[in-house]
Amino acid sequence: MSRAPLLSVQNLSLAFGSHTALSGLSFDIVRGETVALVGESGSGKSATALALMRLIEREGGRLTGGRIDLDGDTPVEITALEEREMQQVRGNRISMIFQEPMTALNPVMPLGEQVAEVLRLHQGLDRKAALAVARAAFARVKIPEPERRLVQYPHELSGGLRQRVMIAMALACQPDLLIADEPTTALDVTTQAEILSLIKELQEESGMAVLFITHDMGVVAEIADRVVVLCRGEQVETGPVGQIFAAPQAEYTRNLMAATPMLGAGAPKRPLGADAPLLEVDRLSVRFPVRRAAPGRPALDYHAVNEVSLTLGRGETLGLVGESGCGKSTLARTLLGLETASGGRVRLSGQTLTGLTAQELRPLRGKMQMVFQDPYASLNPRLPVYDLITEPAHIRNPMTRAERRAMAGELLERVGLETAAMDRYPHQFSGGQRQRLCICRALSVKPAIIVADEAVSALDVSVARQITDLIAKLQKEEGVSFLFISHDIAVVERVSHRIAVMWAGQVVETGPTDTVLKNPLHPYTRRLLSAVPHPDPQRRPLQRERAADLKTPKLLLPRATGPERIALREVGEGHFVAIRDTVELMAYQSMTSAAPEAVREAKREDVGSMVF
Amino acid sequence: MLSYTLRTLVRMALTFFVIVTLVFFATRLSGNAIDFLAGEGMTQEDREILIRYYELDRSLWDQYFAFLRAFLDGNFGLSFIERRPVIQIVAERLWPSAQLLLSAIGLTLVVSLPLGMIAAIWRKHWLGSAAMVVAFLGYAVPNFILAVVMVLVFAYWLNWLPVVGNGTPLHFIMPTLAMSGVLIAALTRFTRNAMLDVLGQDFMRTARAKGLPERAVILRHGLRNASITLLSVIGLQIAGLAASGSVVVESIFAWPGIGDLLVSSAIRRDYPVLQFGVITVAIAVILINAAIDLAYAWADPRLRHQLKG
């Protein structure tokens, strides 16, 4: 091990204008190693990645000190390179993949050309040879039908496949170092699990080093060998992954760990009186017309929500989990009357909402309020805070300016903001504070139910923790019911008394949170749970559960037929699963008896016996 | 895709019919042709004979239906003045107009695309500001002023350039400049904005992370994406030029094109020529729009995908 590290960063400092983004960062990466750079937004982790590629100057930043040594046949000091020399390094010796697979690919260039471009540039291949290599690269990252993908465009692929294309592109020239900047943050958990294991596999094959940038401790535990923790541009802690998780030295690291939602940490206790249903959803369906009927072919609809039945009790939180496109947001919007149901019924305190006209619905809208995902986009930037957060109440019941200010002061206090904040504008607040403002706005009309659609997904873990704590506090004090929608099961577990798992427009399993998470019956629930990365490096899965016979049903179907609807049946106290018959139930139960944990143990034994 | 094409065609036909109708009635509003045909001193009797000869005594609706019927037969009439088929008259004017249009568009693209890109890439540099000053100047000067000043300077004072007609390549310089002035200004600004949008996109960072030289990043990845926005602007501008931009410039430089023909036939109340001239321009605009729609689908694979689905 006398070889020099592949990449050696010493005392690196960066600045944007006069603001110091990073100061004195030092770490090494050796070949074949994965180093995770961890931190929350503003920690300087992405700026570091851009600095290693010398792309930081393009984004308005500059290197203010330190050196970056890249070993290889011709060792280079990156901070001293000219732009022309740097172009030889980018995409060739160091490659990078980005967070947003949706926007990181050129939308008007065929995928094959985008990959071939790197090969033509660095390896001097002609177009035909480069496309042949690109095809092989697609096959290597396990993109199905690689031949066809060469001529497809980014919009024709799902997010997971696009990220695979990005990886194929990054690895086309067999770089020594791959920088992955939050490569799975925008993806669903099951897709994330696939991409993570793909990166690991490719790394083992090629022996490249990986610098993995993330905010997610679960992902860190799963993929990293060593960890560098950053906080506000300062290096807080460095060490092997086991040590960081087992005995974090810095206080910041400990706080970060504590804030990270951990699956299996336990759900809150269900309040008394939650059995009285406040919201009853009975076989609700929502369809979107896609194609009109023509002679010889029926009308096509997208069946977004299919006969979903739910109840929500007073003072209760129901967590709605599912991956993107499963219909959870459509369901929420329909409950609020923002979409029209094509079938089924919604009742609020015994009053039927479906079928009401906009006029009739208006007085009832105050009873259900919504908090959206993006706190930056959901507040009007031109209104002062007191105006913003009292607007819903003012619309229903006009108030004087003094009354509104008094109300705003009281609301702000309830969510833990100072009353002086009422004269400021949204841009003067951080993401977490803005989400508090959104909650204020919802509370202003004293709603019985607040629908929180991915309300903490855009926030850093420590801020998300504060918001979920606030939700729990408000619920305890005021008895508000929450419908908490999220793709992050660990967060859902922390706040929900009961959960409902949605898949392809249907609820496939619902019940008390602990019951469903400890004893998941539906194969989809099990797949979802097994994909959640666990923030404990000791528990790295040897192999994830394969989703063998779990095919996602098609939702784009003729209007009249629609997808098969499988009714929920009660299998335990309050625990319902979508099953066709008892045979299927028994099959599911037999699968569960060999719970994921047990499966892993069995595999370890197998390996052991093979040695002997 | 088929139903999309069909719908486009039906829409085109409908637009065309409306234009034909509007043209017919609008020309009738402009006064009596006989007053211009015959000089002074015609007797009332001769006047009536002429009116009968041209069948202008029939009711407006009769004339309209006769016009439509003849139209369907492909008979667009004779010029009141020249007594030649209007098709012939207009056809002679088509190519000179198209030549001027093409050279104006060519100049616009050659000047404003690079200028706009420079303004976007060096937006904080004096170079970018200079490009925008040029663009604003172009906006502020109407084409007839530009044309007249150019005639004054280059033809009258310096005697470098010819003013009348389209005989030699030298004849193209001033009309082309006059026609493209405002367009260059507009397209430079649009190019700048479109490029600024694209420069901030994630895929541009990806392109740089591949190690591509900046020129390839800007041209291959940037301009290609910006061109989608630009196409619609360019399309509107070309259509606008074809429709009206040439009228003023062609008149000033006595360019033997459609614009010049439209003006003279309007002044002389030569209905058949005026009608057919306007209709020809309308057809050109409709065709240009259709071509732009196709170019759009060619430039943007997402749109192609939608049309297929």
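To find a chain, count down the sequence lines: A is the first, B the second, and so on, and within it residues start at 1. It should be emphasised that the depicted structure is a prediction, and the values quoted were computed from it without experimental measurement.
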(request) Would you mind reporting whether A/Phe98 and B/Thr206 have side-chain heavy atoms less than 4.5 Å apart? (result)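 Of all side-chain heavy-atom pairs linking A/Phe98 with B/Thr206, at least one is under 4.5 Å.
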
(message) Are B/Gln201 and A/Asn106 packed together at the side-chain level, in the sense that at least one heavy-atom pair is separated by less than 4.5 angstrom?
(response)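 In short, these two side chains do not touch, never coming nearer than 4.5 Å.
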
(message) Counting only non-hydrogen atoms closer than 4.5 Å, can you tell me which residues of residues 218-227 of chain B sit against chain A?
(response)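 Heavy-atom contacts from residues 218-227 of chain B to chain A are B/Arg220, B/His221, B/Arg224, B/Asn225.
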
(message) I need the contact set between residues 128-140 of chain B and chain A: heavy-atom distance under 4.5 Å, sorted by residue number.
(response)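 So no residue qualifies.
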
(request) Drop me the distance from A/Met53's CE to B/Arg205's CZ, to the nearest 0.5 angstrom. (result)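 These two atoms lie 10.0 Å from each other.
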
(message) A quick test of your reading: do over 12 heavy atoms of other residues, nucleotides or ligands sit less than 6.0 Å from OH of A/Tyr153?
(response)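 Atom OH in A/Tyr153 is crowded, with more than 12 foreign heavy atoms closer than 6.0 Å.
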
(message) Using a 6.0 Å cut-off, check whether atom CD of A/Glu82 has over 12 heavy atoms from anything other than its own residue.
(response)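 Counting other residues, nucleotides and ligands, CD of A/Glu82 stays at 12 neighbours or fewer.
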
(message) Between A/Arg58 and B/Glu214, does any side-chain N to carboxylate O distance fall below 4.0 Å?
(response)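 Salt bridge: yes.
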
(message) Report which part of B/Ile228 has an atom under 4.5 Å of a heavy atom belonging to chain A: side chain, backbone, both, or neither.
(response)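 It is the side chain, since no backbone atom gets that close.
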
(message) Counting only non-hydrogen atoms closer than 4.5 Å, does B/Ala299 touch chain A with its backbone (N, CA, C, O), its side chain (CB onward), both, or neither?
(response)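 Only the backbone of B/Ala299 comes within 4.5 Å of chain A.
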
(message) Let's go through A/Glu117 and B/Leu212 carefully: what are the C-alpha distance in whole Å and the side-chain angles of both, what is the deciding distance for side-chain contact (heavy atoms from CB on, under 4.5 Å) to 0.1 Å, and is it a yes or a no?
(response) CA-CA 9 Å; A/Glu117 195 177 37; B/Leu212 287 175; 3.5 Å; yes

Which atoms of [X] are under 4.5 Å from chain B, going by heavy atoms: the side chain, the backbone, both sets, or neither?
{"X": "A/Leu50", "value": "side chain"}
{"X": "A/Leu105", "value": "backbone"}
{"X": "A/Thr103", "value": "both"}
{"X": "A/Met86", "value": "neither"}
{"X": "A/Met166", "value": "side chain"}

(request) Report yes or no: does B/Lys210 contribute a side-chain atom to a donor-acceptor pair with the main-chain N or O of A/Gln114 at less than 3.5 Å? (result)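 Checked: pair present.
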
Over all atoms of both residues, closest heavy-atom pair of [X] and [Y]:
{"X": "B/Pro213", "Y": "A/Leu121", "answer": "CD-CD1, 4.0 Å"}
{"X": "B/Ala209", "Y": "A/Met96", "answer": "CB-CB, 4.5 Å"}
{"X": "B/Pro301", "Y": "A/Pro107", "answer": "CG-O, 3.4 Å"}

(request) Quick one: which of A/Leu55, A/Val290, A/Ile179, A/Ile94 has the most heavy-atom pairs under 4.5 Å with chain B, could you say? (result)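 Going by pairs under 4.5 Å, I would pick A/Leu55.
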
